[in-house]
Amino acid sequence: MDFELSDLIELFAYKLDDLAAGREPRGGRGSILRLRRRLLETKLPGPLAKRFREEDRRWRELQTAEPAAAGAEASVRAEPPAAELDLGIVDLPLEEDVPAEGALTQGMLQALAEDVYWAGLRRDLKRVARGLIGGQRYELRLAYAFLQNFEAYAQTPSFARDFNLSKFTLSEPIPALSDPLVTLDDEEIAAALLREVFQIALRLGDGRTYPLPLPPEGVVPYLRRFLRRIIETPESLPLAVPGGGPTTEELRAALDEARRSALTAHEREQLVRDLEAKLREVAAQERRMRMVAEEDRRRFMAAAERLSALLRRYLPTPRGEAAMPVVPEPLGDSGAGPKLDELDREATMVTLRRMPTRLVLGGVPLTLSVAGEHTQLTVADEDRPLKPGEPLMVPYENWEVWAFLRDDYVHVRLEMREGAQLSALLSEGRVLAHLVHPHRDYAYLRLLRAFSARLKGPVNYEEFAPESAAKFPEASLDTLEAFARKGLGVVKDRLKRTPGGLKLMREVATSLGLEPEGQRLLRVLGDWLNFRPPTRETLGGELGVSTIAGEPVNVKAGNLVLSVRQTDDAVYVGAAGAVPRKLGDLLIWPLEEGAVVIAREGSRLAHTQVKVV
């Protein structure tokens, strides 16, 4: 086996020799990429691994040197000789049939933006589906009924002009939770169901897929009407008599017949009495079923509103409220985009021509390799093939590196890794929990304000005495939290311009007589500024993660129970005897000796308890 691997490495070296000499290797560049990929995927013994690393380093140097060599060759290339005179007739395309270079680039950028949109939407819908597969699954059952009824109604002649759905007739009811033909407890199936709803929403009104001349702004209202029309149809939630027994109408008919029967008086009276008892029992059961159906109808109406809000949130304008992703101009393309050496190292997205390129994007080393029809992206020494129409996602530290290939363009962007945003918010919330706590006349908030001023220059520390915090108790919790968070952002910006500025915290704490508080604030500030995904040990306390669904989510902190509830597009946090507070992406709920930090990213929640005193 080692002998075969040694031969493969030798073959790899021979192909690199041909490439370095300017010769096309046998099998083309694609053979080099395939051979290299196999060697990377093979667990090589020590000596062979060292030898392969040396050859692989030579391959990377050749990939980097080729673009520069190509540019130098182009600059000194002699003007080609004039072509021989040709009097043949050539069919030239009309001028208006030739797309301009700028129009071609803009069209490709739009296509790349749509690829990015769908990739992000699939990820978000998978996260949403995770919270819908529990409980009664009202949203998923309604979405399933919508897909069945919409496709059936779209084939009818009345569909094309029926904007108000006045001619709509139900073709399939809403499935029961126990329906064996409908599987909605699988996350992948639920996400695929939601994607189909979005595909219909994006195709409605385009004039190509469905013959309904609907303006883009009317797509979500139309779909909302469709969902409500399904629910309002009596047959969508059919009543079932428990046990499959007779209905009240059947029992009333039997009772009338018994009263007219030719039985003896005693037999007739006994039969009537039994039928009346059975009628009362079945009538009571039907009343209960109607109440259950009415409650289900009400819950399905609420589910229809949530589905409409989901469409409105994620559909791009003008159909919804989401913005299409930004795709920048290609680097150096026709002078429009920036040059590679002008790219900001903190940039998180870039569009490249499909050619060998090496760059650093947001601290992530990237190498784009091209050999014939084969394209691959190397992220931190890990090679991944790029295929047209198939987005590539590679996790790297706190990032997800997304890459999209369209013809001669490659778009690369960095997204926060799933869960990393929640972790970052919890890290920031730990600092805020100290700042909004009233310990020693808001000692931590006074420290931060004095520290912020000290980063600018000399400070009169008497301005940050306990008296300066007299108005803090009068402010609402939300106002105080927003004030502290804004101040924290100012400190972060000033620390970027002041290397080693954290050392000034000791001076500030000593001048204010708050040395213990200064040490604790310095520690949590350092953890936040040098953020790494927190763990239970670094966060302290218990870390909880949950998903907001139709039902409230309870967050326990000692004897306190907080209820997180979603109402339309807003999320509120409340407790017994307290006024509910709106949750954006971060909320601090103060306790006697600390606080509960609640972070939110879409429908996902994370919370932890922080001890301050």
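For the numbers below, each heavy atom of this structure counts, side chains included, while hydrogens, waters and symmetry mates do not.
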Atom pair [atom1]/[atom2] of [X] and [Y] - distance to nearest 0.5 Å:
| X | Y | atom1 | atom2 | result |
| --- | --- | --- | --- | --- |
| E305 | L310 | CD | CG | 13.0 Å |
| S369 | M355 | OG | CE | 12.5 Å |
| T608 | R430 | OG1 | CZ | 8.5 Å |
| R600 | L587 | CZ | CG | 11.5 Å |
| T317 | E217 | OG1 | CD | 9.5 Å |
| D124 | L194 | CG | CG | 11.5 Å |

>> Working note: V412 + F404, criterion side-chain contact (heavy atoms from CB on, under 4.5 Å); need CA distance, chi angles, decisive distance, verdict.
In response: CA-CA 7 Å; V412 185; F404 305 85; over 6 Å; no
>> Quick check on the 6.0 Å ring-centre criterion: do Y210 and F150 meet it?
In response: yes
Taking only Lys NZ, Arg NE, NH1 and NH2, and the carboxylate oxygens of Asp or Glu, determine whether [X] and [Y] approach each other closer than 4.0 Å.
| X | Y | answer |
| --- | --- | --- |
| E382 | R384 | yes |
| K15 | D18 | no |
| D115 | R406 | yes |
| E321 | R313 | no |
| R353 | D407 | no |
| E55 | R58 | yes |

4.5 Å side-chain heavy-atom contact, [X] and [Y]:
| X | Y | result |
| --- | --- | --- |
| T183 | D185 | yes |
| L377 | L392 | yes |
| S308 | L223 | no |
| L132 | R137 | no |
| F198 | L311 | yes |
| E400 | W402 | yes |
| L525 | L488 | yes |
| I200 | F226 | no |

Within the distance-only criterion (no hydrogens, no angle test), does the side chain of [X] pair as donor or acceptor with the backbone N or O of [Y] below 3.5 angstrom?
| X | Y | result |
| --- | --- | --- |
| D206 | T209 | yes |
| R354 | T375 | no |
| S427 | S423 | no |
| R122 | A191 | no |
| T351 | P328 | yes |
| E187 | I133 | no |
| R225 | F163 | yes |

Looking only at heavy atoms, which two atoms of [X] and [Y] are closest? And how far apart?
| X | Y | result |
| --- | --- | --- |
| I588 | G429 | CD1-O, 3.6 Å |
| A303 | L142 | C-CD2, 4.2 Å |
| A160 | P213 | O-CD, 3.5 Å |
| L586 | L425 | CD1-O, 3.5 Å |
| L193 | A143 | CD2-CB, 4.1 Å |
| L368 | L386 | CD1-CD1, 4.2 Å |

>> Between I9 and Y14, does the side-chain contact (heavy atoms from CB on, under 4.5 Å) criterion hold? Intermediate values first, please.
In response: CA-CA 9 Å; I9 296 174; Y14 287 149; over 6 Å; no
> Does a side chain donor of either T348 or R413 reach within less than 3.5 Å of an acceptor in the other side chain?
Replying inline: no
> Does the pair W118 and Q199 meet the rule for a side-chain contact (heavy atoms from CB on, under 4.5 Å), with working shown?
Replying inline: CA-CA 10 Å; W118 273 109; Q199 286 171 355; 3.6 Å; yes
> For V350 and L366, what are the C-alpha separation, side-chain angles and deciding distance, and is it a side-chain contact (heavy atoms from CB on, under 4.5 Å)?
Replying inline: CA-CA 11 Å; V350 66; L366 304 170; 5.6 Å; no
> Around atom CD of E373, are there more than 12 heavy atoms of other residues, nucleotides or ligands at under 6.0 Å?
Replying inline: no
> What orientation do F52 and F12 show, parallel under 30°, tilted 30 to 60°, or perpendicular over 60°?
Replying inline: tilted
